[in-house]
Amino acid sequence: MRSIALIAAALVALAGCMEIEQTATPSRQGKYQGKPDSTPWSNQPLAAGPQWKQGDRASWEEQIKKRQLGQHEHRRIYQ
Amino acid sequence: MARMKFLVDAERCIECNGCVTACKNENEVPWGVNRRKVVTINDGVVGAEKSLSVACMHCSDAPCMAVCPVDCFYRTDDGVVLHDKDLCIGCGYCFYACPFGAPQFPQAGAFGLRGKMDKCTFCAGGPEADRSDAEFKKYGRNRLAEGKLPACAEMCSTKALLGGDGDVIADIYRERVARRGVKGAEAWGWGTAYGPPPKGAAPAAAPAGGKS
Amino acid sequence: MLLTRKANAGVTSQSRLARGLNGVLGRTIDRRTFLKRSGITAGAGALAAHLPFSMMGEAKAAEAAEGKIEVKRTVCTHCSVGCAIDAHVQNGVWIRQEPVFDSPLNLGAHCAKGASIREHGITHDSHRLKYPMKLEGGKWKRISWDTAYDEISKKLLAIRDDKEKGGPDALFVVGSSKHNNEQSYLLRKWVSLWGTNNCDHQARICHSTTVAGVAQTWGYGAMTNSYNDEQNSKSMMFLGSNAAEAHPVSMLHTLHAKENGAKVIVVDPRYTRTAAKADIYVRHRSGSDVAFLFGVLYHVFKNGWEDKQYIHDRVYGMDKVREEVMAKWTPDKVTEVTGVSEAEVANVAKTLAENRPGFIIWAMGQTQHTNANAIVRASNILMLALGNVGRSGGGCNIYRGHDNVQGATDIGPNPDTLPGYYPVAVPGAWAHWSRVWNVDPKWIAGRYAPGMQGKPGTTVSRWIDGVLEKNDAIDQGPNLRAIFYWGHAPNSQSRGSEMIEAMKKLDLMVVLDPYPSASAAMFAMVRKDGAYLLPVATQLETEGSATASNRSLQWREKVIDPLFESRTDHMIMYQLAEKLGFADQFVGKKDGKQNIRLVKGKGGMEPSMEDTLREVNRGCWTIGYTGQSPERLQAHMRNMHLFDVKSLRCKGGKDAKTGYDMTGDYFGLPWPCYGTAAIKHPGTPNLYDTSKHSMDGGHTFRALFGVEKDGVNLLAEDGVHSKGSDITTGYPQFDHVLLKKLGWWDELTDEEKKEAEGKLWTNDLSGGIQRVAMKHGCSAFGNAKARAIVWNFPDGIPQHREPLFSPRPDLVAKYPTHDDVKVLWRLPTMFKSVQDKAVKEEMHKKFPLILTSGRLVEYEGGGEETRSNPWLAELMQDNFVEINPITASQRHIKNGDFVWVSTPGKNADGSHVKLKVKALVTERVGPDTCFIPFHFSGWWQGQDMLAYYPEGAAPIVRGEAVNTATTYGYDRVTMMQETKTTLCQVAKA
């Protein structure tokens, strides 16, 4: 039991060598001890508002990026 | 993968409080709870006054999350720090840990007892069914689940407050800085909060009066 | 499992965290300040204790509720920037508001007021006036609309029919700059049909001096360019504007320009939020603006930086101004008056000269002075000398206050003009409007007291004197006995302590407002009966157009129905007109024709807003309110994305709904938009800009003042004209004679000829004269020079004159104010006698500090509306006085202490007026100056007036109104009140 834990720890350590962990607290959407929360892109888009393919993270992010340009007056001024 | 962040451009922020009321409006936050605040340092001091809009910065390494005794915080896949009000015990430990004063505690009941913690959700609701009544009542609006960004950043009067995918924000800000020349560019976001202090950093904040 | 420390908080993260904390605490946030300001310690108040987390009124989460969501496009009602808002409405309830990124004016941005405007639609715990009320036995009592109309009209008619002490002029109607264009236009008509010119609105106390000074200089009384055009500018000098608080979204354009290299200069007695964003900040003494401006001009002339060709071609009288400036405003004298060093003044001059084109930007800081008409003209002269006026990127960007104060000034209730600035004193103006209104001119004349139709009425700043002054001293039959406060705050007028004396004497006061306003509480404080409150719908509960500061018109869609029992302004006007006997005239019903249709609204029938705008289009030729048909405006609102931000021009595109082609239009058809809608004039983005063809929004200076003065040519010099003009010299305004002389008469259609015969460009209802003039590239209003000398004003060349209550008696001796005037706007008006008395009584010793007033971003105007909005009210819970640390310590005052601020103003018992406010000790003001914001009311010299408001309709935040204590003093030309410079003393309470 104890050895398994050690091996697991070693594996984690090795993984750490290969990739720098960007965040100290990993994302745990739906996996923590409280009530799970679904991802934004898993929703059906509203009729009046940005549209994306339900469940498709990439298409949702595409919309978010478009929306974000509203905060960028250069885009509207020099369109 | 989008990672949600806020950034405040101190060269632009004029303390108009548009972000504050946008938040109040969108999330129907009650009196006394301020998910977002505009802070002005060196208030009225010629040449030294700066204003900044502050809320939960959705830290990559969130101290609230680290200290919470009931482990009610979680980070979503897009980098937003949320918490579960059903687990929260209102202890206020996160408030001490947070460098930004983000956690808020509504009064509960007639004796002014501290209620469950409340804070900026990046307009991403919380652990209830997305866009449900229950989510709105407990956590406010879930704009991310509508494909929109936080109301405060979207409505900022001078577009000083940027909110959204960190990469896109960085691009917007870079374009702006390039245009105005590096001199005098001062932003305040996760970079300045966690990175090394930039050269020629402003001196320690003088006691600021604010307006009330 | 619970109550255990989390397992995954690693050591490495702690060190990074610590680093972050240090960085943050050391550098940016003063945490204690932050805590103090966060609502937790700031006293959440009783409100928070009983609320659930979310207030959850009608608003429901989108998906959970049923019903289709409609998106209504409206415009913020809080200032003149004109920020567009998309309101999401479900089952008649306003549930969300979304930014309109497409708007070329605000690009989705909002300040605190705009971002919280949805609160207007929330009905639970609303602080609105909910039903008509009447003051009876000292208590506010609910009554029905019918009762209210019956009683009010009976009283009005009794006053009108009183041969001894009554007549139509016994009524004064205070209108509103928050009415939309159509309503403000209808109100001027309503007052005319009642038979008086006693009407006014906020513009009197906001930009009347600007409108007079600017129009008399070059033609039109408006901002020359747009907020957007600042992006084409190289320098911007804010003198008398705190745009960051008063017009926050305009700063989007300003700061964008700054980032592109434009220099920003702020000249202000306070280091404002705007100043915090400036390249150059200059602190001058309040009220010394002429001296400062001419001090700058001195350096311009001395260094030969003036635009000599431009002055020769387009300006009259600059040589005389130059002589005066060089003789009178040498640097020593400028420093003596303004307190600004020579180096600072020279630096401003150099910056403006080296960075052209540039703007001077002003608001109340210039206009609310006893010599404000001179201050604004000095600003004009500076811009003319630099050759900045009449081009993109330069000019006078005059920031108007309310969302439609420009429109209400243009076509609303002014005491001296009919809609479109047609002067009441000119009989032809009445003939013109009677035709447009479809009313018998003789009938209108009969409504007036003999001799009064052509006499400008009194002003909102002075109505109290119309009540209180001895009858033989006033220039009208009766004293004022009845007053309508139709969307106007009383606490925005100076001499509040005397206003309650006037209220004591009134026969009737009617307050028409969405909020009971301070009028109700002030009246109930001193009276037991005599007042009525009528609940009015907000601009979000009706449709219509509003003119932003840049002269663009925007059409608002109705978001929701009028809440509670409130009715729209125009419905109330019509229903009262029914009771008073001029309903048919009001809608232009005569000889089987009816100009304005009646449509169904909540509470009855009301005049159609679209038809009203069409009537405006048929009559307002002078200022080009003729091309903005409802259809064109609505097409613009639906297609904002097609308009360029920097030029406001539509590059190309058609409206999907109507097929209307907007190509070439400027957004909102900024007036003047000449001719009929059919000829498709695109509007005028920048006034007097000769680089464009007149059908392309090009312009010249207006020929309003004759063709020559004392042998000197007043028309533009040869070769100066708008692009493509067939006349290449100066020319007078167009009329039928000129058209015939030019041989262009036959270009009119037969129908146009019939109408245009014997007419000018201003009263030819066919629009033919304008059409043909513009076809030839001419401006119908002529091509003249701007006037650096306005010889018909008391000071042709602007003079510095000390305020009536000056801290400097030595300067009063050198720069005294005007002599008293026996009759000005129907009232005797004091200048010198007040100033001399103040010096003699040594007011500057009893009250050694300058008291000035101004805006806060959270509130608007008198503030009752915004202080009733919890999202805003929470941000600013007390009124305060800004006081310098030195001044405070001399008086043992600490930050946050309650203090008494007293002024030379007097109560009826002879005591000086005093205000109880909190001290905000700050270097924002110099040691000689104190500042109090003007948005508060609901306290009276230390007493909370809560008991005098109708129950449940008092604003959440109440405080001392600064104007209770402001003193006597009016502009010599327009009767603008002095609220920016008076004296005060501060003592610990």
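Here is how names work: the chains are called A, B, and so on, in the same order as the sequence lines, proteins then strands, and each is numbered from 1.
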Item to check | Worked verdict on A:Arg67 versus B:Arg143 for side chain to side chain contact (heavy atoms under 4.5 Å, CB included) | outcome: CA-CA 11 Å; A:Arg67 184 88 181 176; B:Arg143 289 175 71 86; 3.5 Å; yes
Item to check | Spacing of A:Asp37 atom CG and B:Asn142 atom CG [to the nearest 0.5 Å] | outcome: 7.0 Å
Checklist entry - Under 4.5 Å between any side-chain heavy atoms of A:Arg75 and B:Glu175, yes or no? => result yes
Checklist entry - Atom CD in A:Gln68, atom CG in B:Asp167: separation rounded to 0.5 Å? => result 9.5 Å
Checklist outcome for this item: Counting heavy-atom pairs under 4.5 Å with chain A, the top scorer among B:Ala124, B:Ala153, B:Gly147 is B:Gly147
Checklist outcome for this item: Max heavy-atom pairs within cutoff under 4.5 Å with chain A, candidates B:Lys148, B:His83, B:Met155, goes to B:Lys148
Checklist entry - How far apart are the C-alpha atoms of B:Leu87 and A:Gln33, what are their side-chain angles, what is the distance that settles it, and do they pass the side chain to side chain contact (heavy atoms under 4.5 Å, CB included) test? => result CA-CA 9 Å; B:Leu87 291 182; A:Gln33 60 157 334; 4.0 Å; yes
Item to check | Gap between atom CD1 of B:Ile172 and atom CD of A:Glu73 - 0.5 Å precision | outcome: 9.0 Å
Checklist outcome for this item: Hits for side-chain hydrogen bond (donor to acceptor under 3.5 Å, both in side chains) against B:Arg36, two or more places apart or cross-chain, chain-then-number order -> B:Ser53
Checklist entry - What part of B:Arg179 lies closer than 4.5 angstrom to a heavy atom of chain A: side chain, backbone, both or neither? => result side chain
Next on the checklist: Please classify the contact of B:Asp86 with chain A as side chain, backbone, both or neither, using a heavy-atom distance under 4.5 Å.
Outcome noted: side chain
Checklist entry - Do the side chains of B:Asp77 and A:Trp41 get nearer than 4.5 Å, heavy atoms only? => result yes
Next on the checklist: Would you compute the distance between atom CD of B:Glu135 and atom NZ of A:Lys35 and round it to the nearest 0.5 angstrom?
Outcome noted: 10.5 Å
Checklist entry - Quick one: of A:Lys65, A:His72, A:Gln63, who has the most non-hydrogen atom pairs under 4.5 Å with chain B? => result A:His72
Item to check | Nearest heavy-atom neighbours spanning A:Ser38 and B:Asp130 | outcome: OG-OD2, 3.1 Å
Checklist entry - Looking at A:Thr39, A:Ile64, A:Asn43, which hits side-chain contact (heavy atoms from CB on, under 4.5 Å) with B:Leu144? => result A:Ile64
Checklist entry - Does B:Gly163 offer a backbone N or O that forms a donor-acceptor pair with the side chain of A:Gln71 under 3.5 Å? => result yes
Checklist outcome for this item: Residues A:Trp60 and B:Met4: closest non-hydrogen pair is CH2-CE, 3.8 Å
